[in-house]
A.B. asks: 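Once you've had a glance at the structure underneath, I'll fire off some questions.
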Amino acid sequence: MTAWSQFLQSEAPSLPYPSGSETQLCDLSQWGLVGIKGPDASKFLQGQLSCDVLAIDEENSSLGAHCTHQGKMLSCFRLFKLEDDHFALALPLDILEDAVTALAKYIVFSKADITDLGSGYACLGLAGPDASNLLEGHFGHSPTAPNGVSKVGQSHVIKVSENRFECWLPPVDAIAFWRKHAPLCARSDNNEWTLRVIRDGTPEIHKQTTDMFIPQMVNLQAIGGVSFQKGCYTGQEIVARMEFRGKLKRPMYRVSFDIGELEALPEPGSPLFSRG
């Protein structure tokens with residue numbers, strides 16, 4: 001058990017969470033971090049991922065995907081840079097191990113290593129009208145543009161959309177941030193955070209949906225997760241053919257429905273039908 005998980009179990013529940021606050025603080029422990037480090041890290045990732053890795057520096061991030069040779073996504077993630085020759089992929093925990101295994105098949109001839117950075121970082125979500133001000137007050141600055149990254153020491157704050165931020169912090173820094181700002185925020189559960197993700201149109205790939213969709217099926221090309229100028233990467237031929245010669249029949253849509261009669265929400269990958 002990490003220091004962050006111990007804190008969540010023991011101290012965090014006792015902190016006050018004022019109901020009147022419009023800014024929400026959320027524990028995102030359902031997300032993990034994979035590190036790729038070494039002299040060949042950027043070259044290796046450029047040949048595997050759908051986004052332009054060479055355009056990533058310490059001040060910006062990108063959505064992206066790792067695909068099969070048939071163009072189907074094995075994982076979808078946010079890529080950012082921890083330091084020189086050290087990249088991080090933020091992705092759901094339920095696919096993290098499989099994502100590492102898939103990338104490891106191709107890294108054996110590169111001067112780079114893949115590691116699970118989960119014990120070294122905690123992920124917090126901050127969203128709402130005062131989110132940027134709270135981050136500026138704590139760190140001295142916050143990213144202003146979507147996909148922007150602010151680095152303070154080993155902490156990385158990413159602006160994933162307007163008034164919504166992911167904070168990847170060492171556990172001791174995450175605990176200090178939570179203790180300081182929880183009294184100023186409403187406690188947000190994972191469902192509320194996921195709702196914001198859906199409203200932003202940001203796709204996620206989970207265990208049930210790996211190897212099901214090409215990037216265009218989740219609109220990844222529309223939000224900067226696919227580069228059509230970077231050159232070859234695994235699955236690139238299929239992805240490019242769909243973009244320039246194909247006709248997409250199954251794009252991603254946002255839908256709303258009454259869940260009053262449902263016993264539980266549909267699992268990822270479940271077919272949905274309209275009666276209308």
Side-chain angles (χ1 to χ4, degrees), residues 1-33 58-61 63 77-78 80-82 88 90-94 96 116-202 204 259 265:
M1 182 178 292
T2 66
W4 174 243
S5 59
Q6 289 178 338
F7 168 75
L8 288 176
Q9 288 188 7
S10 58
E11 298 184 56
S14 64
L15 291 173
Y17 301 99
S19 59
S21 177
E22 295 183 9
T23 298
Q24 297 177 326
L25 179 63
C26 183
D27 164 46
L28 299 180
S29 293
Q30 74 274 26
W31 284 76
L33 210 59
E58 292 187 0
E59 295 182 352
N60 67 89
S61 67
L63 295 172
F77 46 78
R78 181 171 294 276
F80 62 99
K81 203 169 188 178
L82 296 174
L91 70 173
L93 272 181
D94 66 336
L96 188 146
D116 180 352
L117 301 177
S119 62
Y121 287 89
C123 188
L124 307 182
L126 195 65
D130 293 327
S132 180
N133 291 333
L134 289 177
L135 291 169
E136 288 181 7
H138 190 87
F139 294 107
H141 56 87
S142 67
T144 57
N147 299 317
V149 181
S150 288
K151 180 182 178 183
V152 180
Q154 297 302 309
S155 298
H156 296 78
V157 176
I158 306 171
K159 184 170 184 177
V160 293
S161 65
E162 190 64 28
N163 293 330
R164 190 165 69 89
F165 300 83
E166 286 180 9
C167 307
W168 289 94
L169 316 176
V172 64
D173 295 337
I175 292 170
F177 186 93
W178 192 280
R179 284 175 171 162
K180 179 178 179 180
H181 296 292
L184 306 175
C185 300
R187 176 71 183 272
S188 172
D189 63 22
N190 290 335
N191 286 337
E192 292 184 43
W193 184 265
T194 300
L195 179 59
R196 291 178 181 270
V197 172
I198 292 170
R199 286 173 172 167
D200 286 339
T202 305
E204 294 181 3
I259 64 171
L265 290 174

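Sequential numbering from 1 along the given sequence is applied to the chain's residues.
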A.B. asks: To the nearest 0.5 Å, how far apart are OG in S61 and NE2 in H156?
C.D. replies: 11.0 Å
A.B. asks: E58: which residues meet the side-chain hydrogen bond (donor to acceptor under 3.5 Å, both in side chains) condition with it, sequence neighbours left out?
C.D. replies: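 E58 satisfies side-chain hydrogen bond (donor to acceptor under 3.5 Å, both in side chains) with no other residue.
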A.B. asks: Do Q30 and N190 pass the side chain to side chain contact (heavy atoms under 4.5 Å, CB included) test, and can you show the C-alpha distance, the side-chain angles, and the key distance before you say yes or no?
C.D. replies: CA-CA 9 Å; Q30 74 274 26; N190 290 335; 3.4 Å; yes
A.B. asks: Holding to side-chain hydrogen bond (donor to acceptor under 3.5 Å, both in side chains), I want the full list of residues that pass it with R179, two or more places apart in sequence or in another chain.
C.D. replies: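 side-chain hydrogen bond (donor to acceptor under 3.5 Å, both in side chains) check on R179 returns E11.
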A.B. asks: Check W31 against A90 and note the closest heavy-atom contact, atom names and distance.
C.D. replies: CZ3-O, 3.6 Å
A.B. asks: Got Q24 and R196 here, is their nearest side-chain heavy-atom distance under 4.5 Å?
C.D. replies: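 When only atoms from C-beta onward are counted, R196 and Q24 do touch, with a gap below 4.5 Å.
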A.B. asks: Would you tabulate the side-chain donor-acceptor contacts of residues 158-171 under 3.5 Å, counting partners in other chains and residues two or more places apart, or write 'none'?
C.D. replies:
{"residue": "K159", "atom": "NZ", "partner": "T144", "partner atom": "O", "Å": "2.8"}
{"residue": "S161", "atom": "OG", "partner": "R164", "partner atom": "NE", "Å": "3.3"}
{"residue": "S161", "atom": "OG", "partner": "D200", "partner atom": "OD2", "Å": "2.6"}
{"residue": "R164", "atom": "NE", "partner": "D200", "partner atom": "OD2", "Å": "2.8"}
{"residue": "R164", "atom": "NH2", "partner": "D200", "partner atom": "OD2", "Å": "2.9"}
{"residue": "E166", "atom": "OE1", "partner": "W168", "partner atom": "NE1", "Å": "3.4"}

A.B. asks: Heavy-atom distance under 4.5 Å between the side chains of W193 and L28, does that happen here?
C.D. replies: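 Yes, close enough: below the 4.5 Å cut-off.
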A.B. asks: Output, in order, the C-alpha distance, side-chain angles, deciding distance and verdict of side chain to side chain contact (heavy atoms under 4.5 Å, CB included) for F177 and L126.
C.D. replies: CA-CA 11 Å; F177 186 93; L126 195 65; 4.1 Å; yes
A.B. asks: State, to 0.1 Å, how close L134 and C185 come at their nearest heavy-atom pair, and which atoms those are.
C.D. replies: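 Nearest pair, atom of L134 first, then C185: CD1-SG, 3.6 Å.
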A.B. asks: For T23, check side-chain hydrogen bond (donor to acceptor under 3.5 Å, both in side chains) against everything at least two apart and list the hits.
C.D. replies: none
A.B. asks: For K180 versus G137, what's the shortest heavy-atom pair and its separation?
C.D. replies: NZ-O, 4.3 Å
A.B. asks: Taking all heavy atoms of S142 and all of L135, pick out the closest pair and write down the distance.
C.D. replies: CB-CB, 3.8 Å
A.B. asks: How far apart are the closest heavy atoms of A3 and I175, and which atoms are they?
C.D. replies: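 Looks like O-CD1, 3.9 Å.
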A.B. asks: Tell me every residue that passes side-chain hydrogen bond (donor to acceptor under 3.5 Å, both in side chains) with E204, counting only those two or more places apart in sequence or in another chain.
C.D. replies: H206
A.B. asks: Please set out all donor-acceptor pairs under 3.5 angstrom arising from side-chain atoms of residues 145-154, sequence neighbours excluded.
C.D. replies:
{"residue": "N147", "atom": "OD1", "partner": "R78", "partner atom": "NH1", "Å": "2.7"}
{"residue": "S150", "atom": "OG", "partner": "H141", "partner atom": "ND1", "Å": "3.2"}
{"residue": "K151", "atom": "NZ", "partner": "L82", "partner atom": "O", "Å": "2.8"}

A.B. asks: If you look only at pairs with a residue in residues 117-131, which of them pass as a salt bridge (Lys or Arg N to Asp or Glu O under 4.0 Å), with sequence neighbours excluded?
C.D. replies: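 Those involving residues 117-131 do not exist here.
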A.B. asks: Could you pull out all residues at least two apart from S29 that satisfy side chain to side chain contact (heavy atoms under 4.5 Å, CB included)?
C.D. replies: W4, L8, D27
A.B. asks: Of all the heavy-atom pairs spanning L124 and A174, show the shortest one and how long it is.
C.D. replies: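 Distance-wise, the nearest heavy atoms are CD1-O, 4.1 Å.
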A.B. asks: Can you list the residues that meet the side chain to side chain contact (heavy atoms under 4.5 Å, CB included) rule with L93, with sequence neighbours excluded?
C.D. replies: L96
